Trainee: 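Attaching a single structure in structure tokens format; questions to follow.
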Amino acid sequence: MRILFAGTELYPHVAVGGLADVMAALPLALRDLGADLRLLLPGFPALLQAAAPLSPIRQWPDLMGGGARLLLGRTPAGVPVYLLDQPTFFGSGPPYEDRADTPRRFAALSWVAALLGREGDDGWGPHILHVHDWPVALAPAYLAFEPGPRPAALLTIHNLAYQGIFPKTLLSDLRLPPEHFTPADLEYYDQICFLKAGLVHADRISTVSPTYAREIQDPSKGGLHGLLASRRRDLVGILNGVDAGVWTPSGNLHLAFPYDLDRLDRRALNKAALQRELGLREDPDALLFAIVSRFAPQKGLDLVLDILPRLARLGAQLAVLGQGGGALESAFRAAPRRFPGRVAARIGYDTGLSHRCYGGADVILVPSREEPCGLTQLYAQAYGALPLVRRTGGLTDTVLDPDDTRPGGPPATGFVFNEATVADLAGALDRACARYRSDPAAWRTMQRAAMSQDRSWDRPARAYLDLYHAMTARSG
Ligand code: ADP
Ligand code: GLC
């Protein structure tokens with residue numbers, strides 16, 4: 001099975017959120033199952049550097065506003081990767097900053113994905129074009145607009161909150177046929193919607209958890225619920241996995257005291273080290289909460305700001321690692337001054353510190369309003385930090401609250417609250433604090449259950465492979 005994987009992030013070279021983790025880990029798991037997979041990514045400087053040496057494959061004097069070359073190299077993990085080297089589009093700046101050429105840079109990438117899907121390269125042609133999220137969602141549409149043989153197209157939605165909506169005046173600049181600008185096709189309230197185009201034209205659609213696959217068909221979510229509901233037979237939710245080569249507390253170079261299930265006591269040393277590193281009071285009895293997150297509205301972090309006084313009253317602590325600008329960032333920057341020694345904030349992206357949070361905090365807070373899958377709660381579990389999450393999307397599918405367990409069923413692996421309200425979050429916070437104080441043995445049991453789960457990428461990779469086989473069987 002030959003697969004071309006197109007997307008915009010690759011851990012650790014270009015990482016904004018969990019998409020980067022998936023783009024790095026899933027190809028390796030598919031390769032382990034015998035798939036012949038290649039990546040297509042934008043030629044961001046960090047990727048051009050990581051994939052060197054690079055050979056030129058094709059070039060275009062003007063690809064939607066600038067000369068472009070397609071280069072072939074390999075990731076450090078040995079996966080062949082095509083990079084669209086178009087310096088005006090990808091030569092500088094963060095991956096998704098708001099720029100005038102945003103629609104053209106990602107339409108160009110999608111157009112190249114479709115071309116490579118259709119024509120292949122030097123005898124290598126994919127059976128499946130698997131595209132991830134709105135920046136490459138036009139690719140299935142470009143494929144459909146050309147006659148002739150083509151690979152089957154799978155679109156994975158990692159986040160419906162980002163759709164890629166742009167003015168219709170760009171149609172011809174983006175090489176989109178005007179006759180397809182209809183409500184049943186590219187048009188979304190008189191604008192062009194990249195994600196919608198992909199949802200209409202992909203042969204199959206997947207998203208990153210079973211619960212999110214159901215939620216996005218509900219009128220209260222998203223805006224594309226009608227289309228998604230109409231395609232429900234082609235829509236599947238496949239839960240993300242954890243790359244145990246990266247996310248494990250044992251032999252971990254970022255942790256002062258690596259540990260595993262048999263040396264769980266060493267977590268206390270990491271907790272003390274984290275408290276010292278962040279200027280929190282070094283107190284083994286203070287329940288240490290941590291957040292590792294983008295500061296996006298969907299993450300529900302505004303609720304946490306509202307419960308800081310309660311958290312302090314309970315004798316707990318909070319460590320925040322995140323970025324994203326805006327009011328939330330300013331509020332978290334200011335919080336440590338209000339609660340010295342109890343609240344610490346580090347603004348920025350820091351992989352090492354994220355490992356130390358998972359390996360040293362007692363609880364990882366994920367109060368998301370929406371969460372397609374969520375990886376931080378899975379990493380928390382792998383490190384024996386209990387996740388405290390809202391019941392939504394993939395959080396529902398991955399965290400079991402003690403109150404939701406039944407005799408003979410799976411064990412509790414975290415804390416879950418229902419509504420995105422201060423009252424519900426506070427309730428879960430109280431329960432976590434009470435259990436930590438009054439029943440250390442039960443806490444330890446939950447830690448062990450969380451750490452013992454099998455979250456490897458092998459299972460999801462098999463599910464994707466089954467899906468690819470079903471798609472190629474159908475398209476003949
Ligand atoms: P999303 O993709 O919506 O941001 P996920 O939970 O799927 O949410 O993935 C988030 C990923 O980004 C995790 O690997 C997490 O550790 C990482 N991450 C988020 N914020 C930061 C940060 N400030 N520093 C380091 N890593 C971060
Ligand atoms: C998105 C989602 C997150 C998911 C990640 C990887 O960024 O917000 O829930 O885990 O993609 O699929």
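When a ligand or atom number is given, it counts from 1 through the structure's own listing order. None of these values were measured; they are calculated from a predicted model.
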Trainee: Which of the numbered atoms in ligand 1 are under 4.0 angstrom from any heavy atom belonging to Tyr379?
Mentor: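 Answer for ligand 1: 13 (C), 14 (O).
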Trainee: Would you tell me which option among Val208, Asn240, Leu26 has the nearest heavy-atom contact to atom 6 (C) of ligand 2?
Mentor: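 When every heavy atom of Val208, Asn240, Leu26 is considered, Asn240 comes closest to atom 6 (C) of ligand 2.
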Trainee: Any salt bridge linking Asp302 with Arg369? Criterion: basic side-chain nitrogen under 4.0 Å from a carboxylate oxygen.
Mentor: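 Looking at Arg369 together with Asp302, the answer is yes, because their closest N to O distance falls below 4.0 Å.
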Trainee: At under 4.0 Å between heavy atoms, which part of Ser293 makes contact with ligand 1: side chain, backbone, both or neither?
Mentor: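 Just the backbone.
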Trainee: If you have a sec, work out which protein heavy atom is nearest atom 24 (N) of ligand 1 and how many Å separate them, to one decimal?
Mentor: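 I find the closest protein heavy atom is Asp350 N, 3.0 Å.
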Trainee: Does the residue Gly348 have a heavy-atom contact with ligand 1, meaning some pair of atoms that are separated by less than 4.0 Å?
Mentor: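 Within the 4.0 Å threshold, so yes.
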Trainee: For the rings on His13 and Phe44, is their centre-to-centre separation under 6.0 Å?
Mentor: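 Between His13 and Phe44, the centre distance exceeds or equals 6.0 Å.
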Trainee: Which is it for Asp21 and ligand 2 at heavy atoms under 4.0 Å: side chain, backbone, both or neither?
Mentor: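 Neither part.
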Trainee: Is Asp424 salt-bridged to Arg391, cutoff N-O under 4.0 Å?
Mentor: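 No, Asp424 and Arg391 are not salt-bridged.
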Trainee: What protein heavy atom is closest to atom 15 (C) of ligand 1, reported as residue, atom name and distance in Å?
Mentor: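 Going by distance alone, atom 15 (C) of ligand 1 is nearest to Tyr358 OH, 3.5 Å.
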Trainee: Report yes or no: do Ser354 and Tyr379 form a side-chain donor-acceptor pair below 3.5 Å?
Mentor: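 Looking only at side-chain atoms, Tyr379 and Ser354 do not form any donor-acceptor pair under 3.5 Å.
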Trainee: How far is atom 8 (O) of ligand 2 from its nearest protein heavy atom, and which residue and atom is that?
Mentor: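 Nearest protein contact, heavy atoms only, for atom 8 (O) of ligand 2 is Asn159 ND2, 3.2 Å.
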Trainee: Hey, which of Leu41, Leu10, Leu40, Leu47 is the one that makes side chain to side chain contact (heavy atoms under 4.5 Å, CB included) with Val81?
Mentor: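 Going through Leu41, Leu10, Leu40, Leu47 one by one, the side chain to side chain contact (heavy atoms under 4.5 Å, CB included) with Val81 is satisfied by Leu41 alone.
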Trainee: Can you figure out which of Thr351, Leu375, Asp21 has its heavy atom closest to atom 14 (O) of ligand 1?
Mentor: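 Closest candidate by heavy-atom distance is Asp21.
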Trainee: Look at atom 9 (O) of ligand 2 and say which protein heavy atom is nearest, naming residue and atom and giving the distance to 0.1 Å.
Mentor: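 Here the nearest protein heavy atom works out to Glu371 OE2, 2.5 Å.
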Trainee: Out of all atoms in ligand 1, which are within 4.0 Å of some heavy atom of Gly374? Include the element for each.
Mentor: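 What qualifies from ligand 1 is 6 (O), 7 (O).
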Trainee: Among the heavy atoms of Cys373, does any lie under 4.0 Å from an atom of ligand 1?
Mentor: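 No, that is not the case, since the closest heavy atom of the residue is not under 4.0 Å from the ligand.
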Trainee: Measure across Ala432 and Leu388 and return the closest heavy-atom pair with its distance rounded to 0.1 Å.
Mentor: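 Of all heavy-atom pairs spanning Ala432 and Leu388, the closest is CB-CD1, 4.2 Å.
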Trainee: Got the closest protein heavy atom to atom 4 (C) of ligand 2, with its distance?
Mentor: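 Of every protein heavy atom, Gly374 N, 3.6 Å lies nearest to atom 4 (C) of ligand 2.
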Trainee: Examine Phe166 together with Phe194 and report whether their ring centres are nearer than 6.0 Å.
Mentor: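 Between Phe194 and Phe166, which both carry aromatic rings, the centre distance is below 6.0 Å.
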Trainee: Looking at atom 4 (O) of ligand 1, what's its closest protein heavy atom, distance included?
Mentor: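 So the nearest neighbour among protein heavy atoms is Arg294 NE, 2.7 Å.
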Trainee: Among protein heavy atoms, which lies nearest atom 27 (C) of ligand 1, and at what distance?
Mentor: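 For this ligand atom, the closest protein heavy atom is Tyr349 CE1, 3.4 Å.
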Trainee: Would you call the rings of Tyr383 and Tyr259 parallel, tilted or perpendicular, taking 30° and 60° as the class edges?
Mentor: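 Ring orientation of Tyr383 relative to Tyr259: perpendicular.
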Trainee: Would you call the rings of His132 and Phe5 parallel, tilted or perpendicular if under 30° counts as parallel and over 60° as perpendicular?
Mentor: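 Tilted.
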Trainee: For atom 10 (C) of ligand 1, grab the closest protein heavy atom and report residue, atom and distance to one decimal in Å.
Mentor: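 The closest one turns out to be Gly18 N, 3.6 Å.
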Trainee: Which of the numbered atoms in ligand 2 are under 4.0 angstrom from any heavy atom belonging to Gln298?
Mentor: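 Those of ligand 2 that fall under 4.0 Å from Gln298 are 8 (O).
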Trainee: Yes or no: does Lys299 have any heavy atom under 4.0 Å from an atom of ligand 1?
Mentor: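 A heavy atom of Lys299 does come that close to ligand 1.
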Trainee: With no hydrogens and no angle check, do the side chains of Ser330 and Arg333 hold a donor and an acceptor under 3.5 Å apart?
Mentor: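 Not at all, the side chains of Ser330 and Arg333 share no donor-acceptor pair under 3.5 Å.
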Trainee: Would you call the rings of Tyr464 and His130 parallel, tilted or perpendicular, taking 30° and 60° as the class edges?
Mentor: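 Plane angle between 30° and 60°, so tilted.
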Trainee: Any idea which protein heavy atom is nearest atom 2 (C) of ligand 2, and the distance to it?
Mentor: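 Looking at atom 2 (C) of ligand 2, the protein heavy atom closest to it is His158 O, 3.1 Å.
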